[in-house]
Amino acid sequence: MSSYNTVTKIKYTGDPSELVKLDEYIVFQDDRVKRKYIVFKFVNNVTQQLLGMQFEVCQYNVDGNLIEKSQVAYNKFLAGAEEEFVPKAKLRVSYKCESISVRLVQAAFDRFIWKEGEYEDNCYKFDHFFHDENSIDGDGAAIEGKSGKKIKEPKPKKARSEKPKKKSKRPFVIRDATKKNFAGFPVFFNVLVFLLVIGFVAGSLCIFKSDTKKFTVGDYQLRLISGDYVAVYGYTGDGNALIIPEKIGDYRVNKIDSRTFVNSDIVSVTIECDITIETGAFVNCTKLTAITSDNFVTVKEGAFDGCTSLKNVNLPNSYIPDGAFVNNGN
């Protein structure tokens with residue numbers, strides 16, 4: 001499935017005390033198309049789960065001169081405590097790259113975030129507050145509380161001479177009967193209303209935030225992943241020959257979402273970028289006959305389920321599991 005004519009495993013020497021350390025990396029080189037890719041193997045040196053990381057990669061030529069610098073981010077769960085791990089995606093580097101250096105920029109763990117040498121708490125804190133109350137004993141003497149202060153004994157109130165109530169000279173008494181129709185709302189009802197309002201506002205914000213991540217460029221419906229990387233989640237074009245370019249507008253494409261082209265009438269697919277095709281992306285595309293790409297394509301299981309006319313699959317530089325093509329003509 002691969003045309004890489006050179007595969008080199010390189011042991012990386014770095015600071016062994018780093019929170020997340022690069023242990024080794026593998027260079028895949030294709031001299032035919034003059035491309036290089038790198039797969040990293042890291043070690044999580046912390047006794048907590050690694051939830052995401054960002055690191056800087058510097059590329060050097062044969063003379064040791066810097067030719068390119070880039071930052072790579074993985075925002076999903078990566079490894080358990082004190083565990084080795086290999087991120088799924090390959091990093092494409094310059095064909096002239098002969099060596100690299102890697103610097104950890106940021107790492108998020110269960111209970112803290114490390115960024116450029118600074119630590120930030122990553123968990124919730126619950127502070128409990130209490131106070132001591134002073135009271136008066138049965139004999140009326142002041143009892144000293146933990147605060148050290150005494151409460152003064154209350155002075156007896158002077159008895160007031162009660163004056164006889166005057167009888168009303170009015171033949172009848174007018175009372176506001178409407179006051180009896182107003183009942184005080186129970187406390188739990190007020191709390192319930194408050195929670196409903198908060199839930200409505202939070203839900204509205206989530207929906208708004210979700211909608212702002214989806215937009216359309218030309219015939220492609222896109223979903224923002226991070227930075228300038230997007231996923232294709234819909235297509236409104238009329239042509240039967242589908243092309244997935246490296247960039248759509250100002251955005252770089254690196255994923256095709258599930259059910260993006262379900263039951264589509266497309267006949268052929270040409271992919272011009274490194275991309276991941278999610279499960280069910282091309283389900284029941286019964287007219288699809290050919291898939292072609294020279295790039296690194298990761299195909300998930302069931303991505304082309306039910307493509308009964310599919311005969312020509314040309315993906316030489318790709319990862320394809322056994323269940324990627326099922327119930328089809330291949």
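Since we're looking at a predicted model, the values are computed, not measured. All heavy atoms count here, side chains included; hydrogens, waters and symmetry mates do not.
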Measure from the side-chain N and O atoms of T289 to the backbone N and O of V267, and report whether any donor-acceptor pair falls under 3.5 Å.
yes
Any heavy-atom pair between the side chains of L315 and I320 that's under 4.5 Å?
yes
First locate atom OG1 of T279, then atom CG of D305, and finally report the distance between them rounded to the nearest 0.5 Å.
10.0 Å
Quick check: F55 with F40 (ring centres under 6.0 Å apart)?
yes
Please check if the distance between the ring centroids of Y251 and Y229 is under 6.0 Å.
no
For I113 and Q106, the nearest pair of non-hydrogen atoms, with its separation, is CG2-NE2, 3.8 Å
May I ask you to test the V57-Y25 pair for a side-chain heavy-atom distance under 4.5 Å?
no
Under the criterion salt bridge (charged side-chain N to carboxylate O under 4.0 Å, His left out), I'd like the reasoning laid out for D23 against K11: C-alpha separation, chi angles, the key distance, then a yes or no.
CA-CA 6 Å; D23 184 47; K11 192 71 175 178; 2.8 Å; yes
Quick one: pull up CZ in F109 and CG in N44 and give me the separation to the nearest 0.5 Å.
5.0 Å
Less than 6.0 angstrom separating the ring centers of F28 and Y37, yes or no?
no
Indicate the ring-plane relationship of F304 and F325, choosing parallel, tilted or perpendicular according to the 30° and 60° boundaries.
parallel
Within this structure, what is the OG1-OH distance for the pair T236 and Y220, rounded to the nearest 0.5 Å?
9.5 Å
Between the CD1 atom in I225 and the CZ atom in R252, the distance rounded to the nearest 0.5 Å is 12.5 Å
Would you please test Y95 and D31 for side chain to side chain donor-acceptor pair (under 3.5 Å) and show each step?
CA-CA 9 Å; Y95 184 69; D31 293 328; 2.6 Å; yes
Can you tell me how far CD of Q29 sits from NZ of K34, rounded to the nearest 0.5 angstrom?
9.0 Å
So W114 and L104, side-chain contact (heavy atoms from CB on, under 4.5 Å) or not? Walk me through it.
CA-CA 10 Å; W114 182 92; L104 182 65; 3.7 Å; yes
Please walk me through it: do D274 and R92 pass salt bridge (charged side-chain N to carboxylate O under 4.0 Å, His left out)?
CA-CA 9 Å; D274 296 347; R92 182 174 175 180; 5.3 Å; no
Spatial distance of atom CD (E116) from atom CD (Q54) [nearest 0.5 Å]:
8.5 Å
Any side-chain to backbone donor/acceptor pair from Q59 onto V93? Under 3.5 Å, distance only.
no
